[in-house]
Amino acid sequence: MNMSERASWMWSMSSVEKTSGMQGPMVYGVCYCPVGRSDDLKSLGAADSKTLTEEQREKLFDQIHENNDYLGWAIEVISPTFISNCMYKRPKVSLNEVSHNSAIGLIKRVLAAGAQITEVFVDTVGPPEKYQAKLQEIFPALQVTVSKKADALFPVVSGASICAKVARDRALKSWQFPEGIDGGTWGSGYPGGELL
């Protein structure tokens with residue numbers, strides 16, 4: 001089903017779940033579904049990506065992708081070079097600002113695709129109240145909720161987290177250092193995470 005056929009649905013959207021570690025890209029993700037189908041996403045097993053094994057995340061990602069009749073998702077991969085350039089240029093662009101810009105861009109991309117988003121749930125970057133006010137000002141027609149640990153509270157945020165984490169894991173598995181060195185084996189960037 002394409003977006004124009006689904007345009008009359010009211011959508012609940014998660015934006016944005018960030019996943020990062022000591023090296024490799026930062027990945028931001030969104031997941032969206034009709035407001036009344038959030039429990040369907042939960043029944044697939046969507047949960048905080050940090051509590052799931054790599055195998056569980058891969059399986060859930062496949063299910064999210066296969067259920068595209070009511071689920072949508074998108075990611076943005078931000079390279080370490082871009083992040084470094086932002087932080088060293090004048091005026092300096094903070095990591096929080098990079099995150100906010102990614103979230104705003106992903107929300108705009110989904111809206112431009114025709115999804116009738118009515119509510120947005122966001123895992124906070126920085127103080128939740130300040131971030132929520134910023135997003136609400138940019139998107140006054142949307143009901144915006146910014147929360148700590150949103151990936152454990154809202155199934156659409158869990159879905160976004162899974163999409164972002166799977167994309168990052170896949171990027172790290174084929175990561176090549178620009179210096180041509182062998183990076184060996186490293187962790188996923190989460191405490192207790194798997195070696196990649």
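Numbering of residues begins at 1 and proceeds along the displayed sequence.
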Asks: Just verifying a value: how many Å separate S161 OG and K50 NZ, rounded to the nearest 0.5 Å?
Replies: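 Between S161 OG and K50 NZ, I get 5.5 Å after rounding to 0.5 Å.
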
Asks: How long is the span from the NZ atom in K148 to the CG atom in D123, to the nearest 0.5 Å?
Replies: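 Between atom NZ of K148 and atom CG of D123 there are 11.0 Å.
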
Asks: Which residues pass the side chain to side chain contact (heavy atoms under 4.5 Å, CB included) test with V93, not counting sequence neighbours?
Replies: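 If we apply the side chain to side chain contact (heavy atoms under 4.5 Å, CB included) test to V93, skipping adjacent residues, the hits are C86, K89, E97, V98.
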
Asks: Roughly how far, to the nearest 0.5 Å, is the NZ atom of K130 from the NE2 atom of H100?
Replies: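 Interatomic distance, H100 NE2 to K130 NZ, rounded to 0.5 Å: 8.5 Å.
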
Asks: Taking only residues two or more places apart in sequence or in another chain, which ones pass salt bridge (charged side-chain N to carboxylate O under 4.0 Å, His left out) with R109?
Replies: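 Per chain and number, R109 pairs via salt bridge (charged side-chain N to carboxylate O under 4.0 Å, His left out) with no residue.
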
Asks: In Å, rounded to the nearest 0.5 Å, how long is the span from CD1 of I64 to CG of L41?
Replies: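 Here the rounded value is 5.5 Å.
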
Asks: Test side chain to side chain contact (heavy atoms under 4.5 Å, CB included) on I104 and F139; report intermediate values, then the result.
Replies: CA-CA 9 Å; I104 292 162; F139 302 105; 4.1 Å; yes

Asks: Taking K173 first and then D169, would you say they form a salt bridge - that is, a charged N and a carboxylate O separated by under 4.0 Å?
Replies: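 Looking at D169 together with K173, the answer is no, because their closest N to O distance does not fall below 4.0 Å.
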
Asks: Distance from N101 atom CG to N96 atom CG, nearest 0.5 Å?
Replies: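 Answer for the CG-CG pair, N101 versus N96, is 11.0 Å.
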
Asks: Evaluate whether atom CD of Q143 has more than 12 neighbouring non-hydrogen atoms of other residues, nucleotides or ligands under 6.0 angstrom away.
Replies: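 No, because the 6.0 Å sphere around CD of Q143 holds 12 heavy atoms or fewer from other groups.
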
Asks: Nearest 0.5 Å, please: how far is OH in Y28 from CG in L106?
Replies: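 With rounding to 0.5 Å, CG (L106) is 10.0 Å from OH (Y28).
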
Asks: Check the pair L135 / V120 against side chain to side chain contact (heavy atoms under 4.5 Å, CB included), numbers first and verdict last.
Replies: CA-CA 9 Å; L135 291 174; V120 178; 5.7 Å; no

Asks: Give me the ring orientation class for W73 and F61: parallel if the planes are under 30° apart, tilted from 30 to 60°, perpendicular past 60°.
Replies: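 Rings of W73 and F61: perpendicular, as their planes differ by over 60°.
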
Asks: Could you list the residues that satisfy salt bridge (charged side-chain N to carboxylate O under 4.0 Å, His left out) with D40, not counting sequence neighbours?
Replies: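 Partners of D40 by the salt bridge (charged side-chain N to carboxylate O under 4.0 Å, His left out) criterion, ordered by chain and then number, come out as R37.
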
Asks: Can we say R170 and E54 salt-bridge, meaning some charged N sits less than 4.0 Å from an Asp/Glu carboxylate O?
Replies: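 Salt bridge between R170 and E54, a charged N being under 4.0 Å from a carboxylate O: no.
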
